[in-house]
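Worksheet for the structure shown next.
Values below: every heavy atom of this structure, side chains too, minus hydrogens, waters and symmetry copies.
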Amino acid sequence: GTLNYTVSLPTGTTTVLNESFENGGSIPSGWTQAYVSGSVAWTFTTGGYYGHPSSAYSGTYNARFFYNNRNGYTTKLITPSLNLSEAETATLTFWHTQEVWSGDQDQLKVYYRTSSTGSWNLITSYTSSIANWTQETITLPNLTSTYYIAFEGIAKYGYGVCLDNVIVTKNSSATIPTWLTVAGGNY
């Protein structure tokens with residue numbers, strides 16, 4: 001007769017980070033902030049400044065970066081270390097608003113680095129008005145086992161940069177490990 005083998009290897013999508021900022025108004029565990037210019041902190045509140053937007057995308061809280069001045073104070077909100085090794089691709093999605101206020105426009109830049117002390121690398125910038133909650137999707141580059149993402153808010157007296165439901169997933173497809181040999185034959 002003939003022996004038939006089925007070998008199943010892990011494939012699919014794994015959620016590495018799922019943060020909706022429902023932490024009672026405090027920064028989530030493992031997240032940090034880094035002041036780039038000035039010392040304005042991200043806050044964890046409901047919606048944006050003066051009701052723009054009026055609520056979080058989901059739940060009660062979202063992250064917000066706002067300062068009532070045009071001087072461009074800048075602060076990074078940084079994820080915990082993420083393990084994105086052994087992934088073919090990884091995707092960052094988040095919900096985002098940054099509504100213009102009388103011509104004043106806050107900005108958001110998204111960076112990554114591949115070690116706790118490495119240089120930040122810019123992935124993308126959002127520089128125009130986004131009045132309603134909008135989902136952003138970014139394919140992450142240079143995946144490593146120690147991976148950080150930073151959301152850099154730049155305050156220019158708009159209604160604030162708001163973030164909610166930050167999700168990172170990694171995707172892998174099956175590759176046969178070198179140690180696995182499958183042989184069939186007659187018995």
Side-chain angles (χ1 to χ4, degrees), residues 17 19-57 61-82 84 90-142 144 146-168:
L17 177 70
E19 184 55 64
S20 57
F21 304 107
E22 298 299 316
N23 198 35
S26 298
I27 192 170
S29 176
W31 288 65
T32 57
Q33 300 196 47
Y35 298 124
V36 177
S37 168
S39 56
V40 176
W42 283 81
T43 57
F44 304 91
T45 185
T46 301
Y49 185 72
Y50 215 65
H52 293 262
S54 59
S55 63
Y57 171 72
Y61 296 95
N62 54 268
R64 181 182 81 191
F65 189 71
F66 168 81
Y67 190 68
N68 58 348
N69 194 303
R70 294 178 183 85
N71 58 16
Y73 285 159
T74 303
T75 303
K76 284 181 170 74
L77 177 64
I78 305 166
T79 67
S81 178
L82 307 173
L84 300 182
T91 303
L92 164 66
T93 61
F94 59 96
W95 289 85
H96 172 213
T97 73
Q98 56 181 44
E99 187 174 353
V100 67
W101 184 1
S102 298
D104 295 325
Q105 180 64 62
D106 297 322
Q107 297 180 11
L108 174 69
K109 294 183 177 181
V110 181
Y111 292 84
Y112 77 95
R113 68 181 178 189
T114 55
S115 70
S116 60
T117 57
S119 299
W120 287 107
N121 303 283
L122 180 65
I123 302 173
T124 192
S125 300
Y126 301 92
T127 57
S128 57
S129 183
I130 301 169
N132 300 306
W133 284 110
T134 301
Q135 188 175 40
E136 313 289 5
T137 301
I138 295 171
T139 299
L140 297 170
N142 301 331
T144 62
T146 309
Y147 201 93
Y148 296 86
I149 299 166
F151 298 93
E152 184 179 84
I154 303 168
K156 295 190 174 184
Y157 214 174
Y159 281 112
V161 174
C162 296
L163 301 176
D164 207 353
N165 291 33
V166 176
I167 298 173
V168 176

Heavy atoms, side chains only, cut-off 4.5 Å: are Thr79 and Trp31 in contact?
yes
Shortest non-hydrogen pair, Thr146 vs Ser116, comes out as CG2-N, 4.4 Å
Would you kindly check if the NZ (Lys) or CZ (Arg) of Arg70 is within the cone defined by 45 degrees around the ring axis of Tyr157 and under 6.0 Å from the six-membered ring centre?
no
Spacing of Leu163 atom CG and Arg64 atom CZ [to the nearest 0.5 Å]
12.0 Å
Are the side chains of Ile154 and Thr127 in touch, meaning some heavy atoms are under 4.5 Å apart?
no
Here the pair of heavy atoms bringing Leu122 nearest to Thr124 is CD1-O, 3.5 Å
Is any side-chain heavy atom of Gln98 closer than 4.5 Å to a side-chain heavy atom of Tyr126?
yes
Quick one: does Phe21's side chain get under 4.5 Å of Pro28's, heavy atoms only?
yes
Angle class for the Trp42/Phe65 ring planes (parallel below 30°, perpendicular above 60°, tilted otherwise)?
tilted
Any sub-3.5 Å donor-acceptor pair from Glu136's side-chain atoms to His96's backbone N or O?
no
On a heavy-atom basis, the closest approach of Ala63 and Leu77 is CB-CD2, 4.0 Å
Using 30° and 60° as the class limits, which term best fits the ring planes of Tyr49 and Phe66: parallel, tilted or perpendicular?
parallel
Are Asn68 and Tyr50 side-chain neighbours, meaning at least one heavy-atom pair lies under 4.5 Å?
no
Using modelled atom types and a 3.5 Å cut-off, is there a donor and acceptor pairing between side-chain atoms of Glu22 and backbone atoms of Tyr61?
yes
Tyr111 side chain near Arg113 side chain, heavy-atom distance below 4.5 Å
no
Which pair of heavy atoms, one from Ser54 and one from Thr46, lies closest together, and at what distance?
O-CG2, 4.0 Å
Look only at the side chain of Glu152 and the backbone of Ser125, and say whether a donor-acceptor pair between them is shorter than 3.5 Å.
no
Got Phe44 and Asn23 here, is their nearest side-chain heavy-atom distance under 4.5 Å?
no
Tell me if a side-chain donor or acceptor on Ser55 pairs with a main-chain N or O of Pro53 at a distance below 3.5 Å.
no
Whether Asp106 side chain and Gly160 backbone form a donor-acceptor pair below 3.5 Å
yes
Counting heavy atoms not belonging to Tyr35, are there more than 12 under 6.0 Å from its OH?
yes
Is the Tyr147 ring parallel, tilted or perpendicular to the Tyr112 ring (thresholds 30°, 60°)?
parallel
Just how far is it from atom CG of Leu84 to atom CG of Leu17, taken to the nearest 0.5 Å?
9.5 Å
Just by modelled atom types, is the Ser20 backbone N or O under 3.5 Å from a matching donor or acceptor in the Asn165 side chain?
no
Whether over 12 other heavy atoms sit under 6.0 Å from Asn71 CG:
yes
Can you say whether the rings of Phe151 and Phe94 are parallel (under 30°), tilted (30 to 60°) or perpendicular (over 60°)?
perpendicular
If only atom types and distance count, is the side chain of Glu99 paired as donor or acceptor with the main-chain N or O of Asn132 below 3.5 Å?
no
Could you give me the CA-CA distance, side-chain angles and deciding distance for Trp120 and Ile78, then say whether side-chain contact (heavy atoms from CB on, under 4.5 Å) is met?
CA-CA 11 Å; Trp120 287 107; Ile78 305 166; 3.7 Å; yes
Can you tell me if Asn62 uses its side chain to pair, donor with acceptor, with the backbone of Cys162 under 3.5 Å?
no
How long is the straight-line distance from OG1 of Thr117 back to OH of Tyr148, given to the nearest 0.5 Å?
9.0 Å
Side chain to side chain, Leu140 and Ile149, heavy atoms closer than 4.5 Å:
yes
For atom NZ of Lys76, is the number of surrounding heavy atoms from other residues, nucleotides or ligands below 6.0 Å larger than 12?
yes
Just by distance, do the side chain of Thr74 and the backbone of Val36 share a donor-acceptor pair under 3.5 Å?
no
Short question: side chain of Thr75, backbone of Val40 - any donor-acceptor pair under 3.5 Å?
yes
Test Asn121 against Thr114 for side-chain contact (heavy atoms from CB on, under 4.5 Å), laying out the working first.
CA-CA 9 Å; Asn121 303 283; Thr114 55; 5.7 Å; no
